[in-house]
Visitor: 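Starting off with a structure, shown below.
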Amino acid sequence: MTRADKVALWAFLERWFDSEREFEVRFAVVVAMCYFLNEEWLDKVYERINSLYFGRIKSKYKTVKGKPKVAQQGTVQGAEPYYVRMGVAWLLATALAKFPDQTRAYVRSSNLPEDVVKLYVRKARESFRTRTVEAV
């Protein structure tokens, strides 16, 4: 992908980062993880992730407290919007593998919700690429 292609793709993603719909925002986060975790774009990605307002993103899934004995369709076991939160955690765990110092510094200074940071730490510990790397 050329630089011009990336500039165009980033401009396209802005709309989805600003969406109030859970899977549209997750789409932007995952595409950013796939195409923009590099030296040139890293700060821009962190800045964009830091500007997400999780409280306005609407989820179609209901949060279930505790661990149900049987899976319940249309529910998740995490704070809304769960799939955006998990997408951000996945992006950060991937970034940790590529840019550990920058990622740790970003997480320490970010305004991410505490549960997103916990999800990121868990994903980093579960990954073969980062299980021995300090996440925070």
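The basis for the numbers below is simple: all heavy atoms, side chains too, and nothing from hydrogens, waters or symmetry mates.
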Visitor: On the 0 to 90° scale, with breaks at 30° and 60°, tag the Phe17-Trp10 ring pair as parallel, tilted or perpendicular.
Guide: tilted

Visitor: Given side chains that start at C-beta, do those of Pro81 and Lys58 come closer than 4.5 Å, heavy atoms only?
Guide: no

Visitor: Minimum heavy-atom separation for Arg26 to Gly87, with atom names?
Guide: NH1-N, 3.4 Å

Visitor: Compare all side-chain heavy atoms of Asn111 with those of Asn50 and state whether any distance is below 4.5 angstrom.
Guide: yes

Visitor: Should Tyr106 and Leu92 count as side-chain neighbours, where that means a heavy-atom distance under 4.5 Å?
Guide: yes

Visitor: Considering all heavy atoms of both residues, which atom of Thr130 and which atom of Ala124 are nearest to each other, and what is their separation?
Guide: OG1-O, 2.7 Å

Visitor: Check for a donor-acceptor pair, side chain of Ser19 on one end and backbone N or O of Trp16 on the other, with a separation under 3.5 Å.
Guide: no

Visitor: Can you tell me if Ser59 and Glu80 form a side-chain donor-acceptor pair at under 3.5 Å?
Guide: no

Visitor: Nearest 0.5 Å, what's the OG1-CE distance between Thr94 and Met33?
Guide: 5.0 Å

Visitor: Got a salt bridge between Arg48 and Asp18, using NZ or NE/NH1/NH2 to carboxylate O under 4.0 Å?
Guide: yes

Visitor: Please lay out, stage by stage, how Leu42 and Gln102 fare under the test side chain to side chain contact (heavy atoms under 4.5 Å, CB included).
Guide: CA-CA 9 Å; Leu42 191 62; Gln102 296 96 314; 3.9 Å; yes

Visitor: Taking the six-membered ring for Trp and the full ring for Phe, Tyr or His, determine whether the centres of Tyr83 and Tyr61 are under 6.0 Å apart.
Guide: yes

Visitor: Mark yes when over 12 heavy atoms from residues, nucleotides or ligands other than Arg125 sit less than 6.0 Å from its CZ; otherwise mark no.
Guide: no

Visitor: What are the two closest heavy atoms between Leu119 and Met86, and how far apart are they?
Guide: CD2-CE, 3.5 Å

Visitor: Between Val84 and Phe23, does a side chain to side chain contact (heavy atoms under 4.5 Å, CB included) hold up when you go through it step by step?
Guide: CA-CA 7 Å; Val84 171; Phe23 283 94; over 6 Å; no

Visitor: When rounded to the nearest 0.5 angstrom, what distance separates CD in Glu20 from CD in Glu24?
Guide: 10.0 Å

Visitor: Val7 and Thr2: side chain to side chain contact (heavy atoms under 4.5 Å, CB included), yes or no, with the steps?
Guide: CA-CA 9 Å; Val7 169; Thr2 68; over 6 Å; no

Visitor: Verify, without hydrogens or angle tests, whether Asp115 (side chain) and Ala79 (backbone) share a donor-acceptor contact under 3.5 angstrom.
Guide: no

Visitor: Is the side chain of Arg104 donor-acceptor paired with the backbone N or O of Glu134 at a distance under 3.5 Å, no angle test?
Guide: yes

Visitor: Is Lys6 positioned over the aromatic face of Phe36, cation under 6.0 angstrom from the ring centre and no more than 45 degrees off axis?
Guide: yes

Visitor: For a quick test of reading the model, state the closest non-hydrogen atom pair linking Leu13 to Ala32 and the distance between them.
Guide: CD1-N, 4.2 Å

Visitor: Mark yes or no for whether Ser127, through its side chain, and Lys123, through its backbone, hold a donor-acceptor pair below 3.5 Å.
Guide: no

Visitor: Can you see whether Thr103 engages Tyr120 through a side-chain donor-acceptor pair at a distance of less than 3.5 angstrom?
Guide: no

Visitor: Minimum heavy-atom separation for Val121 and Ala135, please, with both atom names.
Guide: CG2-CB, 4.1 Å

Visitor: Could you pull out the closest heavy-atom pair between Tyr82 and Glu22, with the gap in Å?
Guide: N-OE2, 3.2 Å

Visitor: If you measure from CG on Leu9 to CD on Glu14, what distance do you get to the nearest 0.5 Å?
Guide: 10.5 Å

